[in-house]
Amino acid sequence: MRYDLVIFDNDGVLVDSEPISNTLLAGYLTELGHPTTYEESVRDFMGSAMHRIHELVEERSGKRLPGDFDEVFHARVFAAFQAELEAVAGAAEVLKGLAAAGVPYCVASSGSHERIRVGHRKTGLDVHFGDGVVFSAEDVGRGKPAPDLFLYAAERMGVAPERCVVVEDSGLGVQAALAAGMDVYGYTAMTPEAKLSGAKGYFREMDELLAILGM
């Protein structure tokens, strides 16, 4: 099937940010009295919008995170991005290939617009994303696993959901894509197939994606 729109998750799919952000998140939560390992952070929060972190912590501990939690966490993440962040190997080539084939693409990420743009500028991927093709959980009321973000991206791009394909590396993202009525392929470089259940297919190397999409 030739799709009319490819929707990319950002963290872990285009930029190799998940090890950085989950290390920092686990450390910050532990610092605040909510002991969390890196593995637990990946398991519980990978692919989540910030509001889900607040909700899960309060649900489990009965305590709310500080009012400046998001601000402090993002400051730490952005500083680490500037020092360490790299693009996922092969991501730029995939974007170039889609552009050459005339297939529209966009980003739909649980991260904030600022986080997305910081990451793209640091890795050089910003040249592949012009105005109007970057969508964030900030744009909708509910983040993944709700379908809202993917449906919003499709609507803004002028493409019916059933003509879209999503590229995801988190279980929450796969759930959101399926709920939106879209095909989804699971990127397994960091996440086992079993945690991406329901995807149409799986791939471990980004340079496999164009062939999977029939290009």
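Quick note: residue numbers are just sequence positions, from 1.
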R60/D44 ion pair, N-O < 4.0 Å: yes
Y28 six-ring face occupied by R76 cation (under 6.0 Å, within 45°): yes
D126/R121 ion pair, N-O < 4.0 Å: no
V15/E86 under side chain to side chain contact (heavy atoms under 4.5 Å, CB included): CA gap, chis, key distance, verdict: CA-CA 6 Å; V15 297; E86 297 181 355; over 6 Å; no
Result of checking L209, V88, L14 against Y187 for side chain to side chain contact (heavy atoms under 4.5 Å, CB included): V88
Side chain to side chain contact (heavy atoms under 4.5 Å, CB included) partners for L196, two or more places apart: V174, T188, T191, Y202
is_close_aromatic(Y152, F135), centroid dist under 6.0 Å: yes
Parallel, tilted or perpendicular, as decided by the 30° and 60° cut-offs, for the rings of F8 and Y105: perpendicular
Side-chain donor/acceptor of K195 to backbone N/O of G171, under 3.5 Å: no
Polar contact flag, side-chain donor to acceptor under 3.5 angstrom, E58-H54: no
Residues N22 and S41: side-chain donor-acceptor under 3.5 angstrom: yes
Y38 reachable from L25 in the ILVMFWY side-chain graph, under 4.5 Å edges: no
Carboxylate-amine/guanidinium contact R115 D11, below 4.0 Å: yes
Pairing residues for D9 by the side-chain hydrogen bond (donor to acceptor under 3.5 Å, both in side chains) criterion, not counting sequence neighbours: K144
Inter-residue atom distance M182.CE - L178.CG, 0.5 Å rounding: 10.5 Å
